[in-house]
2 protein chains.
Amino acid sequence: MKVVCIGSGNVATRLCIALKKSGAELLQIWSKQPENAAALAAVVDAEAISVISQVVRSADLYVIAVKDDFIPEMVDALTGVNGLVVHTSGATDINILSSFKLHGVLYPLQTFSKTRPVTFQEVPLCLEAVDIPVMDQLKRIANLLGGPVYEVDSKKRKILHLSAVFACNFVNHLYGIGHDILNKHNLDFEMIRPLIMETAIKVQQDFPSNVQTGPAVRDDEQTMSKHLGLLEDEPQLQEIYRLLSKSIKKTDQ
Amino acid sequence: MKVVCIGSGNVATRLCIALKKSGAELLQIWSKQPENAAALAAVVDAEAISVISQVVRSADLYVIAVKDDFIPEMVDALTGVNGLVVHTSGATDINILSSFKLHGVLYPLQTFSKTRPVTFQEVPLCLEAVDIPVMDQLKRIANLLGGPVYEVDSKKRKILHLSAVFACNFVNHLYGIGHDILNKHNLDFEMIRPLIMETAIKVQQDFPSNVQTGPAVRDDEQTMSKHLGLLEDEPQLQEIYRLLSKSIKKTDQ
């Protein structure tokens with residue numbers, strides 16, 4: 001399978017490496033920034049390009065893994081390709097690709113970083129296609145990567161993406177707030193890393209509502225009021241503390 | 001070492017089991033609810049009591065592991081004991097125990113559940129004492145349990161506890177919101193469990209601000225506005241979404 005990847009960010013990087021490992025031939029990596037294209041291209045033994053009109057027409061699979069806002073521009077630039085064109089966006093409808101005869105969505109439901117390798121065997125892949133032959137082709141690609149595979153239409157994929165913003169992006173931000181609070185008082189973030197791990201492990205076998213702990217679910221007003229006092233210089237953190245505590249109490253009722 | 005435990009909740013349960021394993025003799029478990037005292041007492045081979053005046057005076061260690069609001073009441077009830085009296089509360093000052101000659105704090109910086117066993121080797125223990133012999137005694141107990149040990153005064157312990165509320169309690173609530181969003185659309189929480197794990201793993205070696213992903217940090221207004229649209233029936237979730245996105249954008253600047 002010959003692959004062209006449009007994009008060189010976190011998703012593009014991890015997906016290209018996994019495709020390469022599974023035996024695919026990476027023809028080209030495109031990025032607006034030549035140095036980013038070159039960096040990924042070197043890893044997966046592909047040609048780096050930064051002029052979109054240079055994309056070859058002979059690939060079997062075109063992966064569009066760019067910031068959502070730039071997908072339309074990439075679609076225009078790829079006019080006339082005959083291979084299967086997929087995007088990897090959780091929040092973008094499949095219809096954005098409807099000008100291509102063969103098109104689909106391959107949404108990896110995972111958070112990627114350029115530095116940390118991700119085992120694709122553990123990455124759920126959400127597939128969408130408008131006809132059975134393309135879905136079969138997507139499934140073959142997904143099976144090469146090895147993770148759990150789900151068929152998810154655009155509407156449900158957007159829900160998954162929204163849910164992931166809460167359970168991943170917002171969660172990481174709360175880790176960051178925890179870090180900043182510690183840092184401000186010369187306490188080491190290392191002290192709460194085991195807690196962060198255990199909190200994630202607890203919901204691997206159980207549901208979050210069954211394992212909720214802390215002052216809000218205990219209705220421990222005294223502790224909550226002390227905490228708000230400790231945050232008196234941080235009105236935005238107080239606001240987050242109040243809102244999430246209120247939401248926990250409401251959920252528990 | 002002879003131990004009496006006041007309380008039978010998550011912290012009491014895990015701590016008593018770990019103390020028992022490390023060779024301590026559990027004399028009594030007190031709980032207001034006789035059935036809760038009995039359940040834990042059976043596991044650690046202790047006497048179950050629900051009348052606080054029945055606490056023996058002969059123990060080496062009295063662990064007060066009850067809801068913070070009830071600590072003063074327990075302190076009054078234990079008047080006259082000569083053993084070391086500790087509480088396990090993150091948010092409570094050591095001074096609350098000052099009527100005891102030997103007193104200290106043993107705060108396990110971890111989230112516990114009654115059902116999931118916790119390896120105490122991975123639980124950071126935060127110790128506080130007002131004199132060196134008691135601190136040495138606390139360290140001996142902590143070393144029996146096997147995890148990393150920190151000396152942390154009351155002021156810093158409260159900061160740790162506050163930080164833990166963000167990085168654990170609020171995080172679990174966000175998992176719960178993710179679950180509810182999926183559930184409402186007949187999507188399986190299992191689909192985002194790998195994402196939850198990876199999000200926690202990423203900050204074990206790195207700092208959260210270095211690995212933040214998602215629409216807010218990308219300043220992807222289009223996706224954020226779509227997400228708010230999907231939450232139009234859930235004003236409180238919209239509020240949380242807006243506030244945390246704003247906070248992420250502010251942090252990134």
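Throughout, protein chains are lettered first and strands after them, A, B, ... in sequence-line order, and every chain is numbered starting at 1.
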Asks: Salt bridge or not between A:Glu221 and A:Lys249? Use side-chain N to carboxylate O under 4.0 Å.
Replies: yes
Asks: Identify which part of B:Val118 has an atom lying under 4.5 Å from any heavy atom of chain A, answering side chain, backbone, both or neither.
Replies: side chain
Asks: Using heavy-atom distances under 4.5 Å, tell me whether B:Gln110 contacts chain A through its side chain, its backbone, both, or neither.
Replies: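 Interface part for B:Gln110: both.
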Asks: If the condition is ring-ring contact (aromatic ring centres under 6.0 Å, His included), which residues does A:Phe170 pass it with, not counting sequence neighbours?
Replies: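 Checked A:Phe170 against ring-ring contact (aromatic ring centres under 6.0 Å, His included); matches are A:Phe166, B:Tyr241.
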Asks: With a 4.5 angstrom heavy-atom cut-off, could you sort out which part of A:Lys156 is near chain B: side chain, backbone, both or neither?
Replies: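 Answer is both: backbone and side chain atoms of A:Lys156 are under 4.5 Å from chain B.
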Asks: Going by distance alone, is a donor N or O of one side chain under 3.5 Å from an acceptor N or O of the other, for B:His173 and A:Ser247?
Replies: yes
Asks: So, A:Ser31 side chain and A:Gln33 main chain: donor-acceptor pair closer than 3.5 Å or not?
Replies: yes
Asks: Given that the side chain runs from C-beta out, which part of A:Lys155 has a heavy atom under 4.5 Å from chain B: side chain, backbone, both or neither?
Replies: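 A:Lys155 has no heavy atom closer than 4.5 Å to chain B.
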Asks: Flag the one option from B:Pro124, B:Cys126, B:Ala164 with the top tally of heavy-atom pairs under 4.5 Å to chain A.
Replies: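 Top option by heavy-atom pairs under 4.5 Å: B:Pro124.
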Asks: Does B:Phe120 have B:Lys21 sitting over its ring (NZ/CZ under 6.0 Å from centre, angle to axis within 45°)?
Replies: no
Asks: May I ask you to name which of A:Gln205, A:Gln222, A:Glu122, A:His161 has the most heavy-atom pairs under 4.5 Å with chain B?
Replies: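 Top count of heavy-atom pairs under 4.5 Å with chain B: A:His161.
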Asks: Distance from A:Ile248 atom CD1 to A:Leu243 atom CG, nearest 0.5 Å?
Replies: 10.0 Å
Asks: Tell me, side chain or backbone of A:Lys246 under 4.5 Å from chain B's heavy atoms, or both, or neither?
Replies: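 Its backbone and side chain both get close to chain B.
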Asks: Distance from A:Leu174 atom CG to B:Asn172 atom CG, nearest 0.5 Å?
Replies: 11.5 Å
Asks: Within residues 143-152 of chain A, which residues come under 4.5 Å of chain B, heavy atom to heavy atom?
Replies: A:Tyr150, A:Val152
Asks: Chain B heavy atoms under 4.5 Å from A:Leu187: which part of the residue, side chain, backbone, both or neither?
Replies: side chain
Asks: Could you measure the distance from the OG atom of A:Ser163 to the NZ atom of A:Lys158? Nearest 0.5 Å is fine.
Replies: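 One finds 16.0 Å between OG of A:Ser163 and NZ of A:Lys158.
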Asks: With a 3.5 Å distance limit and no angle check, can you tell me whether B:Glu128 reaches the backbone of B:Ser154 through a side-chain donor-acceptor pair?
Replies: yes
Asks: Between B:Asn186 and chain A, which part of the residue has a heavy atom less than 4.5 Å away: side chain, backbone, both or neither?
Replies: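 For B:Asn186, heavy atoms of backbone and side chain both lie under 4.5 Å from chain A.
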Asks: Look at A:His179, A:Gln212, A:Lys67 and state which one has the largest set of heavy-atom pairs under 4.5 Å with chain B.
Replies: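 If we count pairs closer than 4.5 Å to chain B, A:Gln212 comes out on top.
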Asks: Output the option from B:Ile159, B:Ile181, B:Leu182, B:Asp68 having the highest count of non-hydrogen pairs under 4.5 Å with chain A.
Replies: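 So the answer, after comparing B:Ile159, B:Ile181, B:Leu182, B:Asp68, is B:Ile159.
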Asks: Main chain of B:Ser98, side chain of B:Asn95: is a donor-acceptor contact present, judged purely on distance under 3.5 Å?
Replies: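 Checking the backbone N and O of B:Ser98 against the side chain of B:Asn95, no donor-acceptor pair under 3.5 Å is found.
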Asks: Above 12 or not: heavy atoms from other molecules or residues under 6.0 Å from NZ of B:Lys184?
Replies: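 Enclosed.
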Asks: Looking at B:Ser8, is its backbone amide N or carbonyl O close enough to the side chain of B:Asn36 to form a donor-acceptor pair, meaning the two atoms are under 3.5 Å apart?
Replies: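 No.
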Asks: Can you say whether A:Ser89 sits under 4.5 Å from chain B via the side chain, the backbone, both, or neither, judging by heavy atoms?
Replies: neither
Asks: Yes or no on ring-ring contact (aromatic ring centres under 6.0 Å, His included) for B:His103 and B:His87, after CA distance, side-chain angles and deciding distance?
Replies: CA-CA 9 Å; B:His103 65 279; B:His87 74 63; 9.5 Å; no
Asks: Listed by residue number, which members of residues 233-240 of chain A have a heavy atom under 4.5 Å from any heavy atom of chain B?
Replies: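 Listed by number: A:Gln236, A:Leu237, A:Glu239, A:Ile240.
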Asks: May I ask you to name which of A:Ser245, A:Cys168, A:Pro215, A:Gly176 has the most heavy-atom pairs under 4.5 Å with chain B?
Replies: A:Cys168
Asks: Please list every donor-acceptor pair under 3.5 Å in which a side-chain atom of residues 189-204 of chain A meets a protein atom from a residue at least two apart or in another chain.
Replies:
from	atom 1	to	atom 2	distance (Å)
A:Glu190	OE1	A:Arg193	NH1	2.8
A:Arg193	NE	B:Val203	O	2.6
A:Arg193	NE	B:Gln204	O	3.1
A:Arg193	NH2	B:Asp206	O	3.0
A:Glu198	OE1	B:Arg116	NH2	2.9
A:Glu198	OE2	B:Arg116	NE	2.8
A:Glu198	OE2	B:Arg116	NH2	3.3
A:Thr199	OG1	A:Leu195	O	2.6
A:Lys202	NZ	B:Thr111	OG1	2.6
A:Gln204	NE2	A:Ala200	O	3.3
A:Gln204	NE2	B:Arg193	O	3.2

Asks: Please report the interatomic distance CG(B:Leu97) to CD1(B:Ile64), rounded to the nearest 0.5 Å.
Replies: 5.5 Å
Asks: Can you say whether A:Val165 sits under 4.5 Å from chain B via the side chain, the backbone, both, or neither, judging by heavy atoms?
Replies: side chain
Asks: Under 3.5 Å, side chain of A:Arg157 to main-chain N/O of A:Thr92, donor-acceptor pair present?
Replies: yes
